[in-house]
Amino acid sequence: MGRDIEWVQDKIPVSLTMKFIFTQTHRCLKLSHFFGYKKISWQLFLTLHLPLILLVEWPKSAIAQDDTNVDKDIQSITISTTAINASKALQPTKTLRGDELRNKLSTSLGETLNSELGLSASGFGAAASRPIVRGMDGARVQVLENGMAMGDVSALSMDHAVANGLSHTKEVEILRGAAALMYGSGTSAGVINIVNDKILTELPNTLSASIDSKISSADHGQSNGIELSTGLGPLAFHFDASKNTAQNYLIPGYRELGGPKSNWSSKGNTLSKNILPNSYANSDTLGAGVSYISSKGYTGVSIEQFNHLYGIPSFDGSQISQHQDKFDLQHLSTHPMIGIDSIKFKFSSNQYKHTELSNTAIPQSRFNNDGYTARIEVAHQPFDQFIGVFGLEHSKGSLSAYDLLSTSRLAILPTTSNSSIAAFWIEEKRWQSLSADVGIRLEKISKKPSASTPYSDPLGSISAEQPIAQDKAFNLLSWSSGLTYRNSIDQQLGINYSVTQRAPATEELFSFGAHDATATFDIGKVNLVPETAHNLEISMRSTNGPVQWKTNIFYNKIDHFIYASQTGQQDPQSGFDIRQFNQASVTQKGIEAEITYHWNQEGSSYRVYADHSQTQFVNGQYTPLQAPVRLGLEWRLKQGPFKSGFSLKHAFKQTHLASSELAQTPAYTDLSAVLSYHQGFKNSDVDWYMIAKNLLNQDIRYSTTVETLRLYAPQAARSLSVGVKWNF
């Protein structure tokens, strides 16, 4: 294999790389016409390819390498099943797995990632907490399961939980830059990918099983799960099930910020103390999968059912009952033809619904989101040290929200048919000390609302224009380009510039109705145009030796940023403040830094981190839900079968308020600890563990949660979890 690659290198001159770049770009220009683009400027072309052109034509003396090193590097790429395994540009920014994931795993995705660089969480009780990435939330942060769209409506509102119980999660990946372009437009903040074993890609040697059980004190919670995997000839079978229950959790004092005498102008229940009403969460999952696996790839299918009933600790005390059925298919062929390393096909179909109920369990509204996503990824074999992947993605679905108290009335959204088709291409070229990557995504999104059903609340005498139910189509172009310099001791300096476009979400276009969780009456604007984010990021890091560190500095300018602003009026029927979706330009800047020593290795290891970001309108005012400045310290000890550690995170007082916000979020210090013991038997392993959270019993409120919740819904008080996991 090495000799074959060497022969190709001898026969193909370096100058052909430029021909390859221009040829592929010409194809990309032709493809762009299909997506509605009549021209792409030469400025864009040069921005995308100048880093590659300059580096490819670098004098040979500047990039000369040792022959042995070249052969070794190329072999490691060639034997990979996909370009993702080889390409630095497509690697996750961070992957949580193993002990680190178990120690941080919570009942919600946002809480699980709340201590990662640049990530914070919203807080709607124990269940509905979504990741906030560099101060961006909602549709700007895409959540995936095994690389496919989740299919829920968690991006529509913070009170909608991600439709994944996380009980069987093996990894959580954080993707940015070129890697994020593979999965969607408008991903300037990033992509979160939840990885599990629903579809096995390797044959189990024997029957394996895992049983996990945990109890927690603050919410009287219980969590139980089981996984089974086995093989029969070329077939691999997987089964998993889980059940989680949690009651209303304890809080350190009054639910109202500052106690019952604060007299905030927002509504609330000021009498509650020591326990947060409607903060419970109960869920169960059931999944099964079967795969056919050979030396040339695999084909697998899986089915999954998810049920979730949880409370929303708003002053109205509502609750949500979720249900989702999913079907997934994956196929991978390795080396199917000359020049192709692998072809991967994925298909996912989902039927999602949730019912919003009053505090007396009366159904009030129902959201439905049914649809499918199909994608194909083609990874080519290394060509003159180019590695990369290109592909197509298509999705189609229907989103609706009905008022169950009125016959044939819309709750807040019209029934909308959504469809998209996208093409993406990610490429990377490596040298001994330099690498360059480029990525582009073209996407066409269509939204077709139905005008046959009226809204349930016409606002009476208030003169507010209802959104017109008209078809909308958006042609999006997103791209990324980066350079990385790496010296002999694995210190890196990287620069990345990206332009990403995001189409207005359905709720931003067509909303018209009261929303209990945010205590607002939302009005969409049908003439919104796509957001365009220009992001510049400089990263420095050291990845060798016991002491490793990294620093990210970023600046982001977003044109036509979509936000909701208060109108100063109130809905006569609900009494909620009316807010209208609008657009303006904003700038975002921030810094993230981390230093680790011997991290997660035998003996003692340490991690120190800090992050800060802020987003402002051009007039200097802050956007809502600003994340605070945070400092963190983590310590781990591995000594034989024992593992222990603590995590200390301090969030400073958040004083950067939007014009519509009332209260500054107080500072807090969150201290957590973990202790585990591993027992090994002949054919099994048992892990016993204890996790303590909020040991200082602090009144913790997230500034990244809408104000109607953070004023009256603190996070849980001091809590101890005890669990055991048995693998055999």
Side-chain angles (χ1 to χ4, degrees), residues 110 120-125 128-130 132 135-138 157-159 251-273 276-279 312-318 462 514-523 561-572 574-582 584 586 612-617 619-630 651-668 698-715:
S120 49
S122 60
F124 275 72
S129 178
R130 210 170 184 270
I132 310 294
M136 298 295 171
D137 65 338
S157 177
M158 284 186 177
D159 63 313
I251 56 177
Y254 287 100
R255 69 174 296 183
E256 183 178 26
L257 177 61
K261 296 182 180 180
S262 298
N263 295 322
W264 300 110
S265 61
S266 180
K267 297 179 180 179
N269 177 9
T270 61
L271 301 179
S272 180
K273 184 180 181 182
L276 184 63
N278 272 46
S279 57
I312 301 297
S314 60
F315 56 80
D316 281 338
S318 58
I462 295 180
H515 195 189
D516 292 341
T518 58
T520 57
F521 187 102
D522 296 342
I523 302 177
F561 180 82
I562 302 173
Y563 67 101
S565 60
Q566 305 284 351
T567 65
Q569 296 176 302
Q570 286 189 334
D571 171 30
S574 65
F576 295 159
D577 291 334
I578 297 174
R579 64 177 186 177
Q580 171 84 55
F581 284 99
N582 291 296
V586 301
H612 175 55
S613 66
Q614 65 180 35
T615 308
Q616 295 174 274
F617 294 106
N619 62 5
Q621 291 185 346
Y622 293 100
T623 60
L625 313 183
Q626 295 283 312
V629 179
R630 302 188 305 176
F652 288 85
K653 184 177 183 179
Q654 178 54 273
T655 60
H656 297 158
L657 301 180
S659 58
S660 59
E661 294 178 308
L662 301 172
Q664 299 178 352
T665 309
Y668 66 84
Q698 294 267 288
D699 183 5
I700 298 176
R701 299 170 189 267
Y702 296 149
S703 62
T704 46
T705 303
V706 294
E707 193 166 49
T708 49
L709 261 291
R710 68 173 181 256
L711 284 177
Y712 302 104
Q715 300 304 299

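Worth saying up front: this structure is predicted, and the values here are computed from it rather than measured. Just so it is clear, the values below take in all heavy atoms, side chains as well, and ignore hydrogens, waters and symmetry mates.
- In terms of the side chain to side chain contact (heavy atoms under 4.5 Å, CB included) criterion, residue partners of H656 (sequence neighbours excluded) are, by chain and number, Q614, Y622, Q626, Q654.
- Across every non-hydrogen atom of A514 and D571, the tightest pair is CB-OD2, 4.4 Å.
- For the atom pair OG (S703) and CD (E661), the distance works out to 8.5 Å, reported to the nearest 0.5 Å.
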I'd like to know whether S120 forms a side-chain contact (heavy atoms from CB on, under 4.5 Å) with R630, so could you lay out the CA-CA distance, the side-chain angles of the two residues, the decisive distance to 0.1 Å, and finally the verdict.
CA-CA 10 Å; S120 49; R630 302 188 305 176; 4.2 Å; yes
Could you check I132 against L625 for side-chain contact (heavy atoms from CB on, under 4.5 Å), going step by step and ending with a plain yes or no?
CA-CA 10 Å; I132 310 294; L625 313 183; over 6 Å; no
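- Using a distance-only test at 3.5 Å, with no hydrogens or angles considered, no donor-acceptor pair links the side chain of S122 to the main chain of T705.
- The OG1 atom of T708 sits 10.5 Å away from atom CG of L662, with the distance rounded to the nearest 0.5 Å.
- Closest approach of G123 to Q715, counting heavy atoms only: CA-NE2, 3.9 Å.
- In this structure, CD on Q616 lies 8.5 Å from OG1 on T623, to the nearest 0.5 angstrom.
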Does F124 form a side-chain contact (heavy atoms from CB on, under 4.5 Å) with Y702? I'd like the steps, not just the answer.
CA-CA 10 Å; F124 275 72; Y702 296 149; over 6 Å; no
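- For T615, there are no side-chain hydrogen bond (donor to acceptor under 3.5 Å, both in side chains) partners two or more places apart in sequence or in a different chain.
- Contacts of S279 classified as side chain to side chain contact (heavy atoms under 4.5 Å, CB included), with partners at least two apart in sequence or in another chain: N248, Y249, L276.
- Residues meeting the ring-ring contact (aromatic ring centres under 6.0 Å, His included) test with F521, sequence neighbours left out: F512.
- Looking at residues two or more places apart in sequence or on another chain, you find no side-chain hydrogen bond (donor to acceptor under 3.5 Å, both in side chains) involving Q580.
- I700 contributes atom CD1, which lies 12.5 Å from atom CD1 of I251 (distance to the nearest 0.5 angstrom).
- Taking the side chain as every heavy atom from C-beta outward, S314 and N278 never approach each other to under 4.5 Å.
- Judged as a side chain to side chain contact (heavy atoms under 4.5 Å, CB included), and not counting sequence neighbours, the contacts of P666 are L257.
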Would you check, one step at a time, whether the test side-chain contact (heavy atoms from CB on, under 4.5 Å) holds for E707 with L657?
CA-CA 11 Å; E707 193 166 49; L657 301 180; 5.6 Å; no
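- Looking at residues two or more places apart in sequence or on another chain, you find a side-chain hydrogen bond (donor to acceptor under 3.5 Å, both in side chains) between S565 and N582.
- In this structure, CZ on F576 lies 10.5 Å from CG on D522, to the nearest 0.5 angstrom.
- Listed by chain and number, the residues in a side-chain hydrogen bond (donor to acceptor under 3.5 Å, both in side chains) with R701 are D699 (sequence neighbours excluded).
- Residues T704 and M158 fail the side-chain proximity criterion, which asks for heavy atoms closer than 4.5 Å.
- With sequence neighbours left out, the side chain to side chain contact (heavy atoms under 4.5 Å, CB included) criterion links S659 to Q621.
- Checked against salt bridge (Lys or Arg N to Asp or Glu O under 4.0 Å), D577 has no partners two or more places apart in sequence or in another chain.
- Here the straight-line distance linking atom CG of D159 with atom OG of S318 works out to 6.5 Å at 0.5 Å rounding.
- For Y563, the ring-ring contact (aromatic ring centres under 6.0 Å, His included) criterion is met by F617, not counting sequence neighbours.
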